[in-house]
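Here is the structure we will look at, set down as structure tokens.
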Amino acid sequence: QLQLVESGGGLVQPGGSLRLSCAASGFTLDYYTIGWFRRAPGKEREGVSCISRSGLTKVYADSVKGRFTISRDNAKNTVYLQMNSLKPEDTAVYYCAAVTGSGCGGAFLRGENIDYWGKGTLVTVSS
């Protein structure tokens, strides 16, 4: 079965850090651009970040730029999202997604042509 599985969510205080992981099973991430989306309560889905197949291109939403870092380890078939200086407005369910090819950019962050979605992991930033 082809799937993406997120982990690493939880409760953290404002200013804290979390690292999310997205592991693929049933397929190899080498051939995919991978990224992260989030959906906060009562809000629309937001594209957070993506990373190209080579790892050389990384794109971030303005809301997380300078605080979040995306990376990938193709040997482990896993993508990570390091989240620092977390704010209450970062509270959301975070989803990873994969698209065939190397198109990391605006189209990906708009959620266009996504091949696979994970089921999400909840991040709560609260004191």
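Computed from a predicted structure; not experimentally measured.
- Inter-residue side-chain proximity for Y60 and T69 is flagged as met; some heavy-atom pair is nearer than 4.5 Å.
- The nearest pair of heavy atoms linking K43 to R39 is O-CG, 3.5 Å.
- No path of Ile, Leu, Val, Met, Phe, Trp and Tyr side chains, each step under 4.5 Å between heavy atoms, connects V59 with M83, placing them in separate hydrophobic clusters.
- Here the shortest heavy-atom pairing between R67 and L86 reads NH1-CA, 3.9 Å.
- Here R38 contributes atom CZ and R45 contributes atom CZ; the two are 13.5 Å apart, rounded to the nearest 0.5 Å.
- Side-chain contact, E46 with S63: a donor N or O sits under 3.5 Å from an acceptor N or O.
- Residues S126 and P88 have side chains not in contact (no heavy-atom distance under 4.5 Å, counting atoms from C-beta outward).
- Between F108 and C50, the shortest heavy-atom contact is CD2-CB, 3.6 Å.
- D73 and T78 form no side-chain donor-acceptor contact under 3.5 Å, judged by distance and modelled atom types alone.
- Tracing side-chain contacts under 4.5 Å through hydrophobic residues (I, L, V, M, F, W, Y), one never reaches L109 starting from L56; they form parts of separate clusters.
- Proximity of a side-chain donor or acceptor of Y94 to a complementary backbone N or O of L81 within less than 3.5 Å is not detected.
- The structure places CD of Q13 at 7.0 Å from OG of S127, a figure rounded to the nearest 0.5 Å.
- Hydrophobic clustering, with ILVMFWY side chains joined whenever heavy atoms are under 4.5 angstrom apart, groups I70 together with V64.
- Between F37 atom CZ and E44 atom CD the span is 13.0 Å, to the nearest 0.5 Å.
- Side-chain contact check for T124 versus V12: every heavy-atom pair is 4.5 Å or farther apart.
- Heavy atoms only, all atoms of each residue included: L4 and C96 are closest at CB-SG, 3.7 Å.
- The aromatic rings of Y95 and W117 lie perpendicular to each other, with more than 60° between the two planes, well past the 30° mark.
- Interatomic distance, CD1 of I34 versus CG of D115, reported as 9.5 Å (0.5 Å rounding).
- Taking CG of N74 as the reference point, atom CG of L29 lies at 7.0 Å (rounded to 0.5 Å).
- Pairing each heavy atom of I51 with each of G55, the nearest pair is CG1-CA, 3.7 Å.
- Note on V99 and L2: separate hydrophobic clusters, where clusters join Ile, Leu, Val, Met, Phe, Trp and Tyr whose side-chain heavy atoms are under 4.5 Å apart, directly or indirectly.
- C104 contributes atom SG, which lies 13.0 Å from atom CZ of R53 (distance to the nearest 0.5 angstrom).
- Ionic pairing of D90 and K87 is not present here: no N-O contact between side-chain nitrogen and carboxylate oxygen is shorter than 4.0 angstrom.
- The shortest distance between side-chain heavy atoms of F68 and Q82 does not fall below 4.5 Å.
- Evaluation of the ring-ring contact (aromatic ring centres under 6.0 Å, His included) rule for Y32 yields F27, Y116 as partners, not counting sequence neighbours.
- Counting only distance, with no hydrogens or angles, the side chain of N77 and the backbone of T28 share no donor-acceptor pair below 3.5 Å.
- When the options V5, L20, V93 are evaluated for a side chain to side chain contact (heavy atoms under 4.5 Å, CB included) with T121, the one that passes is L20.
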| Intermediate values then yes/no, side chain to side chain donor-acceptor pair (under 3.5 Å), S17 and N84 | CA-CA 4 Å; S17 298; N84 298 329; 2.9 Å; yes
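- Residues T91 and V123 form no side-chain contact, since every pair of their non-hydrogen atoms from C-beta on lies 4.5 Å or further apart.
- With a 4.5 Å cut-off on side-chain heavy atoms, C22 and Y80 do not count as touching.
- Summarising the geometry of R72 relative to S52, their closest heavy-atom pair is NH1-O, 2.8 Å, with the distance given to 0.1 Å.
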